[in-house]
Amino acid sequence: MADYPYINQTTFSSAYQALVRAGPHLKQLQQVHAHLITSGAHRSLSLLTKLAILACSSHSSISYARKISLSIPNPDSYFFNSLIRITSKAKFGLVYDAIFFYQRMLFFFVSPSNYTFTSLIKCCADVSALKLGKSVHTHALVNGFCLDSFVQASLVAFYSKCGELGIARKVFDKMPERSVVAWNTMISGYEQNGYCKNAVELYNLMINSGFNPDSTTFVGVLSACAQLGALELGSLVHDYVNNHRIEVTVNLGTSLINMYAKCGNVRKAREVFDSMRDKNVVTWTTMISGYGIHGYGKEAMEIFRLMKCYGPSPNEITFVAILSACAHAGMVNEGRAIFSSMRDDCRMAAQIEHHVCMVDLLGRAGLLIEAYNYAKELKRPSPAIWTAMIGACKMHKNLDLGVEAAEKLLAIEPDNPGHYVMLSNVYALAGKMERVEKIRNVMIKKRLKKHVGYSTIEVEQRTHMFSMGDKSHPDTPAIYLYLDDLMRRISEVGYVSAQDSVLHELEEEEREYALRYHIVKNLRMCEDCHLAIKFISKITNREILVRDKLRFHHFKDGFCSCGDYW
DNA sequence: CTAGGGTTAG
C-alpha cells in the first residue's frame with residue numbers, strides 16, 4: 001500500500017534508517033516510535049510495518065508488536081503476513097502470537113493467503129500443537145488453500161511432527177503434484193518417528209517413480225538406515241550419491257558418517273570424514289560419537305584433539321560425546337581432564353547430561369563411592385543420573401548402593417516400568433526374591449508394561465525383526481532349528497546360562513540369535529546373551545557385530561571388544 | 001515473503 005503523500009522522502013528515509021539502527025531492541029524501538037509520532041511519520045504504514053517486524057523478532061518486544069497491531073488503523077495483508085511469518089521463524093514458540101495476528105487479520109477483513117497458512121502451520125508444528133494446527137488446517141480448507149503445494153507440504157510436516165503419520169500420509173497421498181520437499185518431508189517424518197522401514201519404502205517409491213531426489217532426501221533415508229543398522233542399503237544409497245554426482249553437502253556428509261558408524265563400519269565413517277572439505281561442529285561430534293559407541297576411546301580423543309587444533313569450537317553435545325567415549329573406554333583421567341577443560345577453557349557450564357557422563361565414567365571404572373557422592377551432591381539429579389549409577393552398581397555387584405540408587409530413581413519417576421525392572425534386577429542379584437516378587441506385584445497393580453525387546457538384522461537389504469516368542473518370520477522353523485543346533489554346540493564347549501531364570505523373565509530378553517553377523521537391538525544386552533554370543537563367535541568362526549541401545553560389541557574368537565564392561 | 005536434513009549420556 002502506498003504511503004500517505006504528505007510524508008516526504010527525506011522524512012521517510014531518515015525514519016527508516018533510525019528503525020534499522022534500533023534493531024530488535026525494545027528501548028530503542030520505543031524511542032524511534034516516539035520520534036515517528038512527533039514527526040508525523042507514524043502515518044506511514046510501511047514504517048509502522050517495519051517497526052512491528054523488528055519488534056516481532058525479539059522475545060522481549062513481541063508484546064510491543066501486539067500493541068502496535070492493535071493501534072494501527074489501516075493494516076494490510078503485507079503487514080499481517082510479515083508479522084506471522086517472522087513469528088513463525090522465531091525459535092521460542094510464539095504460536096499464540098501468530099494466532100493473535102491471524103485473528104486481527106480476520107477482524108480487519110484482510111484475506112489470508114497461502115503464505116499466511118504455511119507460517120501458521122509451521123508455528124503449530126514447532127510446538128506440536130495438534131488441536132490448534134487442525135483448526136488452522138480447517139481454516140486453510142475453508143479459504144481454499146488445501147490444494148496449494150506449499151500449504152500441503154507444511155501440513156505433512158506438521159502432522160509428522162505431531163506423530164500423526166497416518167494423517168500426514170493421507171495429505172501426502174492427496175497431493176496432485178508432489179514437490180521434492182514434500183517427498184523429503186514425508187520420508188524424514190517417518191524416520192524421525194522411528195518408522196524407518198516406511199521411510200525406506202517411500203524412498204524406493206520416490207526413486208522408482210522417477211522423481212529426482214536431492215541431498216536432503218539422502219539425509220533422511222540415511223538416518224533411517226542408521227537406525228535400522230542397514231549397512232547394505234546405506235552403502236547402496238552412498239553409491240547412488242556418488243554415481244549421480246550429488247553434491248555431498250555438510251549435512252549429507254555428516255549423515256553418511258553417522259550411518260556408517262551406527263551400522264558398524266567405523267573405518268568407512270572415517271573415510272567419509274577425511275574426504276569432507278567443509279565440516280562443522282556436528283560433523284566432528286558425529287565422528288567422535290561414532291568412535292565412542294565402538295569403544296574406541298583413543299581414536300575419539302584424537303579427533304577431539306584435531307578438532308581443538310583445526311576445527312570449530314566444540315559445543316555441549318560434543319562434550320557429551322567425548323565424555324561418553326571416555327566412559328566406555330575406561331579412560332577416567334582423560335574424562336576428568338576434559339570435564340574440567342569444558343569449564344576452564346571453553347567457559348561452558350556443565351549440564352545434567354555431562355554430570356550423567358561423569359557418574360557413568362566413574363561408576364563404570366569401579367569408583368562407586370565417588371560416583372555416588374557425585375550424584376548425591378547434584379542439586380537436581382535427573383532419572384538418568386540414577387540409571388547410570390544403578391548400571392555401575394550392577395556391573396560391579398554392589399547391591400546396597402544399587403538398591404539405594406534404584407529407590408532414589410523410583411522416587412523421581414514412580415511410573416516408569418524400566419525403573420522397576422532395574423530395581424528388581426538389583427534385588428534379584430542380591431537374592432532377595434521376596435522383594436522381586438513384591439515389585440512384580442506393584443507393576444501389575446500399576447498396570448505398568450515392560451518394553452518389548454527385539455533384534456533386527458539386515459539380509460540382502462531387507463531388515464528382519466525378531467522379538468521374544470515371535471514366530472511370524474516365514475523361515476521360523478529353519479531359524480529355530482539352526483538356533484537349537486547352535487545352543488547345543490556352545491553347551492558342548494562350556495557355555496552355561498549366566499543368570500537364573502527370574503532375571504530373564506523380568507528383563508524379557510529375547511533369545512534370538514540371528515544367523516549373520518550384524519545385529520541391532522533396542523534394549524541393552526543381557527549378560528547371558530553376551531556370553532552366548534561370545535561362544536557362538538568362536539564355534540562358527542565368525543566376527544559378530546551387535547549394536548545394543550547404547551554401543552557396539554565386536555565378538556571374535558570368543559571375546560568381545562567391550563571387555564565385558566558395558 | 002512460503003514447505004524439508006545432520007550430532008547427545010542412561
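The structure displayed is predicted, hence computed values, not measured ones.
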Euclidean distance, atom [atom1] of residue [X] to atom [atom2] of [N] [Å, nearest integer]:
{"X": "A/Phe158", "N": "B/dA3", "atom1": "CZ", "atom2": "P", "value": "15 Å"}
{"X": "A/Ile86", "N": "B/dT2", "atom1": "CD1", "atom2": "P", "value": "11 Å"}
{"X": "A/Glu353", "N": "B/dT7", "atom1": "CD", "atom2": "C1'", "value": "13 Å"}
{"X": "A/Arg551", "N": "B/dT8", "atom1": "CZ", "atom2": "P", "value": "15 Å"}
{"X": "A/Leu120", "N": "B/dC1", "atom1": "CG", "atom2": "C1'", "value": "14 Å"}
{"X": "A/Leu409", "N": "B/dG10", "atom1": "CG", "atom2": "P", "value": "15 Å"}
{"X": "A/Ile187", "N": "B/dG5", "atom1": "CD1", "atom2": "C1'", "value": "11 Å"}
{"X": "A/Trp284", "N": "B/dT7", "atom1": "CH2", "atom2": "P", "value": "18 Å"}

Strictly under 6.0 Å, is that where the ring centroids of A/Tyr203 and A/Trp183 end up? no
Could you list by number each residue of residues 267-283 of chain A showing a heavy-atom separation from DNA chain B of less than 4.0 Å, or answer none if no residue does? A/Asn280, A/Val282, A/Thr283
Taking the side chain of [X] as its heavy atoms from C-beta onward, which of [options] lies nearest to it?
{"X": "A/Lys122", "options": "B/dG5, B/dT7, B/dA3", "result": "B/dA3"}
{"X": "A/Asn251", "options": "B/dG10, B/dT8, B/dG6", "result": "B/dG6"}
{"X": "A/Phe150", "options": "B/dT8, B/dT2, B/dG5", "result": "B/dT2"}

For A/His137, run the ring-ring contact (aromatic ring centres under 6.0 Å, His included) check against A/Phe117, A/Phe158, A/Tyr159, A/Phe145 and tell me which one passes. A/Tyr159
Given the options A/Tyr310, A/Phe319, A/Trp284, A/Phe304 meets ring-ring contact (aromatic ring centres under 6.0 Å, His included) only with A/Phe319
Does A/Tyr78 OH have over 12 foreign heavy atoms under 6.0 Å away? no
Any chance OH of A/Tyr16 has more than 12 other-residue heavy atoms, nucleotides or ligands included, within less than 6.0 Å? no
Please determine whether any donor N or O and acceptor N or O are separated by less than 3.5 Å between the side chain of A/Thr216 and the base of B/dG5. yes
Tell whether A/Ser179 reaches the base of B/dA3 with its side chain through a donor-acceptor pair below 3.5 angstrom. yes
For A/Arg169, check salt bridge (charged side-chain N to carboxylate O under 4.0 Å, His left out) against everything at least two apart and list the hits. A/Asp173
Indicate whether any N or O donor in one side chain lies under 3.5 Å from an N or O acceptor in the other, for A/Tyr372 and A/Glu404. yes
Between A/Thr217 and A/Asp214, a side-chain donor and acceptor under 3.5 Å: yes
Taking only the side-chain nitrogens and oxygens of [X], find out if one of them lies under 4.0 Å from OP1 or OP2 of [N].
{"X": "A/Lys394", "N": "B/dG10", "value": "no"}
{"X": "A/Ser289", "N": "B/dT8", "value": "yes"}
{"X": "A/Asn258", "N": "B/dT7", "value": "yes"}
{"X": "A/Arg364", "N": "B/dG10", "value": "yes"}
{"X": "A/Gln192", "N": "B/dG6", "value": "yes"}
{"X": "A/Lys89", "N": "B/dA3", "value": "yes"}
{"X": "A/His354", "N": "B/dG10", "value": "no"}

Using a cut-off of 4.0 Å on non-hydrogen atoms, how would the nucleic acid contact of [X] be classed: base, sugar-phosphate, or nothing?
{"X": "A/Thr387", "answer": "sugar-phosphate"}
{"X": "A/Ala321", "answer": "nothing"}
{"X": "A/Ser119", "answer": "nothing"}
{"X": "A/Asp360", "answer": "sugar-phosphate"}
{"X": "A/Asp148", "answer": "nothing"}

Between A/Tyr115 and B/dC1, do the rings stack, that is, sit under 5.5 Å apart with planes less than 30° off each other? yes
When syn is taken as a glycosidic angle within 90 degrees of 0, is B/dG6 syn or anti? anti
Indicate yes or no for a side-chain donor-acceptor contact from A/Ser255 to the backbone of A/Leu252 under 3.5 Å, with no hydrogens or angles considered. no
